[in-house]
Amino acid sequence: MEEEEWIKRIQQGETQYLTLLIERHYLSIQKYCYWKIRSMDDAEDLTQETFFRFCSKTDHLNNEGKYLAYLYTIARNVCWDYLRNKRRTQLVETIERADSQAIEMSSMEDQVDNEQIVHQLLQTLPEEQRELVFMRFCLDLTYKDIARITRMNQWVVQYKIKRGLNTMKQYRERKEIDGEKASLRSSYAEKLPFTSG
């Protein structure tokens, strides 16, 4: 049974389909919330808040396949509300700590292939572009869904994601070239004879 049919059944009062819908998308929403705020405990709370808000609005959903975009829009707004309500200094300290020291990898991050590389490459992008690339490739959302969530034109979304990927590719290539140069310098230095002074 398609998820659009589940929405119809939910609207008819068959709550077991709401449970199925939540179970199917819970981990993806939690991953998104975690990515936005970098706190697993708070991501859990925000995920629950997202589904609470979603459940309270199911009567108003149309059945045109937009419910997934609506679910992520709620999650995005819940995360923004959370961040706005935090004291600014506390948020700045958290970001500085995250940037200056290695973040302990959690099981949620372990699910993403090459998470450290992906995270490092994503940090080379501006916040808006970073979020678009994350939604497309880490959450596997379509361009259409991303456009609905972010309220951007679909072609603008595609353009910004393409630009972001190019930026990440260039950064990675520069890092590889720098690494090769350092390796060559190191091996050359090892071949030099030592002189006693």
Side-chain angles (χ1 to χ4, degrees), residues 3 6-7 10 15 17-61 66-142 145-152 157 160-161 164 168:
E3 291 183 3
W6 291 2
I7 297 293
I10 291 164
T15 55
Y17 292 102
L18 187 55
T19 303
L20 291 173
L21 198 69
I22 291 170
E23 286 174 355
R24 177 167 290 179
H25 297 291
Y26 193 89
L27 286 178
S28 294
I29 294 296
Q30 186 180 41
K31 183 193 290 187
Y32 176 75
C33 291
Y34 175 76
W35 179 77
K36 290 290 282 181
I37 63 171
R38 292 292 177 192
S39 165
M40 189 56 73
D41 290 337
D42 291 333
E44 180 75 28
D45 292 340
L46 296 177
T47 302
Q48 290 174 13
E49 175 66 18
T50 297
F51 281 104
F52 174 78
R53 291 189 192 182
F54 179 78
C55 292
S56 68
K57 302 285 186 185
T58 53
D59 291 343
H60 306 295
L61 287 174
K66 296 181 180 177
Y67 77 91
L68 189 60
Y70 183 60
L71 183 60
Y72 275 99
T73 300
I74 293 171
R76 190 174 194 239
N77 290 336
V78 165
C79 289
W80 280 118
D81 289 347
Y82 168 85
L83 291 173
R84 268 195 300 268
N85 291 334
K86 283 187 81 172
R87 286 179 25 227
R88 182 178 169 82
T89 53
Q90 187 179 16
L91 179 59
V92 168
E93 288 169 5
T94 302
I95 291 169
E96 287 172 354
R97 259 199 320 277
D99 288 343
S100 65
Q101 53 187 263
I103 300 171
E104 188 175 320
M105 290 298 190
S106 67
S107 59
M108 182 64 71
E109 284 180 310
D110 292 339
Q111 293 175 13
V112 180
D113 293 338
N114 301 318
E115 173 65 26
Q116 288 177 319
I117 294 168
V118 171
H119 181 69
Q120 183 181 17
L121 291 173
L122 282 172
Q123 297 311 307
T124 65
L125 303 177
E127 175 62 32
E128 180 186 70
Q129 215 171 24
R130 188 183 319 157
E131 181 175 24
L132 296 175
V133 171
F134 181 84
M135 287 174 146
R136 178 69 188 100
F137 295 101
C138 296
L139 297 177
D140 204 29
L141 294 175
T142 64
D145 283 336
I146 295 168
R148 287 177 182 150
I149 293 164
T150 59
R151 295 188 178 128
M152 287 184 194
V157 168
K160 289 188 175 200
I161 289 173
M168 291 166 69

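Computed from a predicted structure; not experimentally measured.
For Arg136, the side chain to side chain donor-acceptor pair (under 3.5 Å) criterion is met by no residue, not counting sequence neighbours. With sequence neighbours left out, the side chain to side chain donor-acceptor pair (under 3.5 Å) criterion links Glu23 to no other residue. Scored by the side chain to side chain donor-acceptor pair (under 3.5 Å) test, Thr19 finds no partners at all (sequence neighbours excluded). Residues that satisfy the side-chain contact (heavy atoms from CB on, under 4.5 Å) test with Thr73, not counting sequence neighbours, are Asn77, Ile149. Thr15 pairs by the side chain to side chain donor-acceptor pair (under 3.5 Å) definition with nothing, not counting sequence neighbours.
Across Gln30 and Thr47, no two heavy atoms sit closer than the pair CA-OG1, 3.1 Å. Heavy-atom minimum distance, Met168 versus Leu125: SD-CD1, 3.7 Å. Of all the heavy atoms in Gln129 and Lys160, the pair that sits closest is NE2-O, 2.9 Å. Nearest approach of Ile161 to Phe137, heavy atoms of both residues: CG2-CE1, 3.7 Å. When all heavy atoms of Lys31 and Cys138 are compared, the closest pair comes out as NZ-O, 3.6 Å. Here the closest heavy-atom approach between residue Tyr26 and residue Gln48 is recorded as OH-CG, 3.5 Å.
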Go through the steps to decide whether Tyr32 and Met135 satisfy the test side chain to side chain contact (heavy atoms under 4.5 Å, CB included), and finish with yes or no. CA-CA 8 Å; Tyr32 176 75; Met135 287 174 146; 3.8 Å; yes
Side chain to side chain contact (heavy atoms under 4.5 Å, CB included) for Leu46 and Lys36? Distances and angles first, verdict last. CA-CA 11 Å; Leu46 296 177; Lys36 290 290 282 181; over 6 Å; no
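Here CZ of Arg76 is found 12.5 Å from CD1 of Ile29. Values are rounded to the nearest 0.5 Å. The CD1 atom of Ile146 sits 10.0 Å away from atom CE of Met152, with the distance rounded to the nearest 0.5 Å. Leu68 CG to Leu141 CG: the interatomic distance, rounded to the nearest 0.5 Å, is 6.0 Å. Residue Leu21 holds its CG atom at 7.0 Å from CZ of Phe51, rounded to the nearest 0.5 Å.
Other residues, nucleotides and ligands place no more than 12 heavy atoms under 6.0 Å from the CZ atom of Phe52.
The side chain to side chain contact (heavy atoms under 4.5 Å, CB included) with Cys55 is formed by just one residue from the set Ile22, Thr50, Ile10; it is Ile22.
Taking the six-membered ring where tryptophan is involved, the planes of Phe134 and Trp35 are essentially parallel, since the angle between them stays under 30° and well short of 60°.
Among residues at least two apart or in separate chains, salt bridge (charged side-chain N to carboxylate O under 4.0 Å, His left out) pairs with a member in residues 43-52 are Glu49-Arg53.
Judged by distance alone, the side chains of Tyr72 and Asp145 never bring a donor and an acceptor atom under 3.5 Å apart.
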